Amino acid sequence: MAADSQHFWGPDYDALKAVDPEIAQVVDDELTRLRGGLQLIASENLTSPAVLAALGSTLSNKYAEGYPGRRYYGGCEVVDQAELIGVERAKKLFGAEHANLQPHSGANANLAVYAAFCQPGDKVLAMSLPHGGHLTHGAKVSFSGKWFEPVPYTVREDDGLIDYDQVRDLALEHRPKMIVAGATAYPRLIDFEKFRAIADEVGAILWVDAAHFIGLVAGQAIPSPVPHADVVTFTTHKVLRGPRGGMLVSRAEHAKALDKAVFPFLQGGPLMHAVAAKATALAEAATPDYQAYARQVIANAQALTSALETQGMRAISGGTDTHLALLDLQPLGVTGKEAEARSGLAGITLNKNAIPYDPQPPMTASGIRVGSPSITTQGMTEAEMGDVARLIATAVTADESTDVGQKTLGEVREEVGTLVSRFPAYAR
Ligand SMILES: Cc1ncc(COP(=O)(O)O)c(C=O)c1O
């Protein structure tokens with residue numbers, strides 16, 4: 001079948017505008033927001049037009065419960081190809097024996113891991129939420145903390161690093177069914193070999209939740225967890241720069257249990273447009289351009305972190321090896337909540353974040369988390385990071401309840417506008 005642009009029936013903004021001007025306006029406003037500010041949320045990125053085209057395709061229509069060649073619906077022979085291509089690309093890119101592209105989200109991929117390996121009440125050793133772990137790693141408000149028994153490990157107070165001796169001691173004491181490595185706000189590399197050794201010592205499954213850093217692995221900028229883990233789950237929309245969604249790769253011996261956990265245990269029909277877009281993102285991530293991007297993401301995060309330290313913030317763990325940094329704002333006398341709100345007024349999007357041993361409640365928090373994936377996609381390099389840090393520091397210390405603060409935030413907003421106009425998101 002021809003795959004030329006005449007044949008493609010994809011995103012049609014004019015049709016959206018004609019049928020639903022209200023939503024068209026929202027779509028328009030979001031692009032204006034993206035283009036007009038600094039996007040520093042560590043878990044976001046600006047996915048490519050190719051990925052957006054696959055996402056906006058007619059593959060969205062197809063019901064395809066099951067797996068390629070074993071579907072519960074007819075007419076799947078075409079979408080089967082998208083999934084087969086994607087699975088092969090994932091296996092090749094990550095050197096994995098098995099891949100499943102169907103999880104609708106990172107949380108779903110994680111739920112599938114629990115479903116494949118654990119029974120309700122089983123113990124799971126994972127990083128505590130206030131120390132950087134994810135909700136699905138045993139938080140009481142999530143299924144993971146309600147249906148399973150979390151055993152949390154922490155980072156050290158003095159250097160903010162994982163204490164592998166503590167992880168081992170807890171593993172030996174509690175004999176968990178599963179051990180989780182991976183986090184949502186941990187700026188350093190994780191020693192997967194050490195985690196593997198601990199898991200082997202107690203006969204536990206080693207699950208790596210690589211949602212944040214898998215893009216850096218794909219780009220060969222940091223070591224891979226794949227050779228060490230039983231299963232690696234991740235989101236596809238962070239550094240990896242694919243569509244919003246989840247994915248997992250694993251050892252062949254776990255393929256059946258994981259596939260059955262994804263479908264039919266916890267999901268119905270896969271989102272075939274998203275599966276296709278994941279495949280496209282994997283093709284992009286296998287290129288030398290993407291590898292250069294992944295290295296630049298880290299270089300930018302490191303330059304930004306040092307510059308923020310110069311501005312008086314304290315970098316948790318003293319820096320970063322990845323795409324994100326966690327900054328303690330206590331030396332500036334500012335809370336994370338204040339910083340997030342003030343930055344927002346200045347056109348800088350970042351998030352408040354609890355820091356390890358935080359004296360503030362989570363909704364106030366003493367820190368912020370910043371990440372470099374989006375600004376690196378826009379083409380910024382170390383040369384811009386000093387300015388970015390200065391703009392952040394000026395914004396977070398400007399009291400918006402005063403006239404002086406308002407004026408300062410307005411000035412920062414203007415300077416942010418000038419800076420991002422040199423690196424436009426989705427430039428034509
Ligand atoms: C480490 C980690 N795991 C899982 C998830 C969940 O992903 P999703 O929001 O797609 O469910 C996140 C999201 O930020 C994450 O950081």
Side-chain angles (χ1 to χ4, degrees), residues 39-45 47 51 55 100-115 124-139 141-145 148 150 152-153 155 162 178-190 192 195 206-218 222 225 229 231-250 258 261-262 266-267 270-271 274-275 277-278 281 297 301 320-326 349-354 362 367-374:
Q39 310 306 329
L40 296 171
I41 304 271
S43 47
E44 293 180 1
N45 210 331
T47 202
V51 167
L55 262 186
N100 187 317
L101 273 63
Q102 292 195 11
H104 299 334
S105 67
N108 275 25
N110 292 356
L111 177 49
V113 171
Y114 285 91
V124 177
L125 178 62
M127 187 183 272
S128 118
L129 180 74
H131 287 243
H134 188 255
L135 283 165
T136 55
H137 299 175
V141 292
S142 133
F143 69 87
S144 58
F148 303 93
Y153 60 86
V155 296
I162 293 171
M178 191 156 72
I179 298 179
V180 192
T184 201
Y186 186 69
R188 295 301 190 171
L189 296 180
I190 295 171
F192 303 116
F195 268 105
L206 178 61
W207 158 32
V208 175
D209 181 347
H212 260 274
F213 56 82
I214 195 72
L216 302 175
V217 175
I222 63 170
V231 56
V232 178
T233 57
F234 48 93
T235 53
T236 45
H237 48 265
K238 297 189 173 78
V239 187
L240 189 58
R241 210 162 55 184
R244 181 158 299 281
M247 204 186 287
L248 61 84
V249 295
S250 77
L258 286 161
V262 173
L266 72 97
Q267 287 187 175
L271 314 175
V275 168
K278 287 171 194 174
V297 162
T320 181
D321 303 320
T322 63
H323 61 297
L324 70 84
L326 193 55
T349 308
L350 48 74
N351 63 281
K352 65 174 172 293
N353 214 103
I368 52 171
R369 190 185 64 164
V370 295
S372 57
S374 295

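All values below were derived from every heavy atom in this structure, side-chain atoms included, with hydrogens, water molecules and symmetry-related copies excluded. Index from 1, following the sequence. In listed order, ligands and their atoms are each counted from 1. Bear in mind that the values here come from a model prediction, so they are computed numbers and not experimental data.
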Task: E44 side chain reached by K238 side chain, heavy atoms, under 4.5 Å - done: no

Task: Partner residues of H131 under the ring-ring contact (aromatic ring centres under 6.0 Å, His included) criterion, sequence neighbours left out - done: Y357

TODO: Return yes if a side-chain donor-acceptor contact under 3.5 Å exists between N45 and H237, otherwise no.
DONE: no

Task: Parallel, tilted or perpendicular, as decided by the 30° and 60° cut-offs, for the rings of Y153 and F195 - done: tilted

Open item on the list: As a check for students: among H104, K238, H134, identify the option with a heavy atom nearest to atom 6 (C) of ligand 1.
Closed with: H134

TODO: Please report which non-hydrogen protein atom sits nearest to atom 11 (O) of ligand 1, along with the residue it belongs to and the distance in Å to one decimal place.
DONE: A107 N, 2.8 Å

TODO: Identify, for atom 16 (O) of ligand 1, the protein heavy atom at the shortest distance, and state residue, atom and that distance.
DONE: T184 OG1, 2.7 Å

Open item on the list: I'd like to check which ligand 1 atoms, numbered from 1 as shown, lie under 4.0 Å from a non-hydrogen atom of H212.
Closed with: 16 (O)

Task: Closest approach of any protein heavy atom to atom 9 (O) of ligand 1, naming residue and atom - done: H237 NE2, 4.7 Å

Open item on the list: Could you tell me, atom by atom, which parts of ligand 1 come under 4.0 Å of a heavy atom of A211?
Closed with: 1 (C), 2 (C), 3 (N), 15 (C)

Open item on the list: Measuring centre to centre across the rings, with the benzene-like ring taken for any Trp, is F143 within less than 6.0 Å of Y114?
Closed with: yes

Task: atom 8 (P) of ligand 1 [closest protein heavy-atom partner, distance rounded to 0.1 Å] - done: G106 N, 3.5 Å

Open item on the list: Between L258 and V231, does the side-chain contact (heavy atoms from CB on, under 4.5 Å) criterion hold? Intermediate values first, please.
Closed with: CA-CA 9 Å; L258 286 161; V231 56; 3.8 Å; yes

TODO: Give the residue and atom name of whichever protein heavy atom lies nearest to atom 3 (N) of ligand 1, and the separation in Å to one decimal.
DONE: D209 OD2, 2.6 Å

Open item on the list: Need the ligand 1 atom indices (1-based, order shown) with element for anything under 4.0 Å from a heavy-atom of N110.
Closed with: 3 (N), 4 (C)

TODO: Report yes or no: does a heavy atom of R244 sit under 4.0 Å from some atom of ligand 1?
DONE: no

Task: For R188, side-chain contact (heavy atoms from CB on, under 4.5 Å) partners two or more places apart - done: L161, Y186, S317, D321

- [ ] Note the single closest protein heavy atom to atom 7 (O) of ligand 1, along with its residue, its atom name and the distance in Å.
- [x] T235 CG2, 3.2 Å

Open item on the list: Name the residue from T233, T235, L135 that meets the side-chain contact (heavy atoms from CB on, under 4.5 Å) definition with N110.
Closed with: T233

TODO: May I ask whether A183 has any heavy atom positioned less than 4.0 angstrom from an atom of ligand 1?
DONE: yes

Task: Atoms in ligand 1 flagged as close to S105, the criterion being non-hydrogen separation under 4.0 Å - done: 10 (O), 11 (O)

- [ ] Could you tell me whether a side-chain N or O of T184 sits under 3.5 Å from a main-chain N or O of G133, the two making a donor and an acceptor?
- [x] no

TODO: Between T233 and ligand 1, find which residue part has any heavy-atom pair under 4.0 Å and reply side chain, backbone, both or neither.
DONE: neither

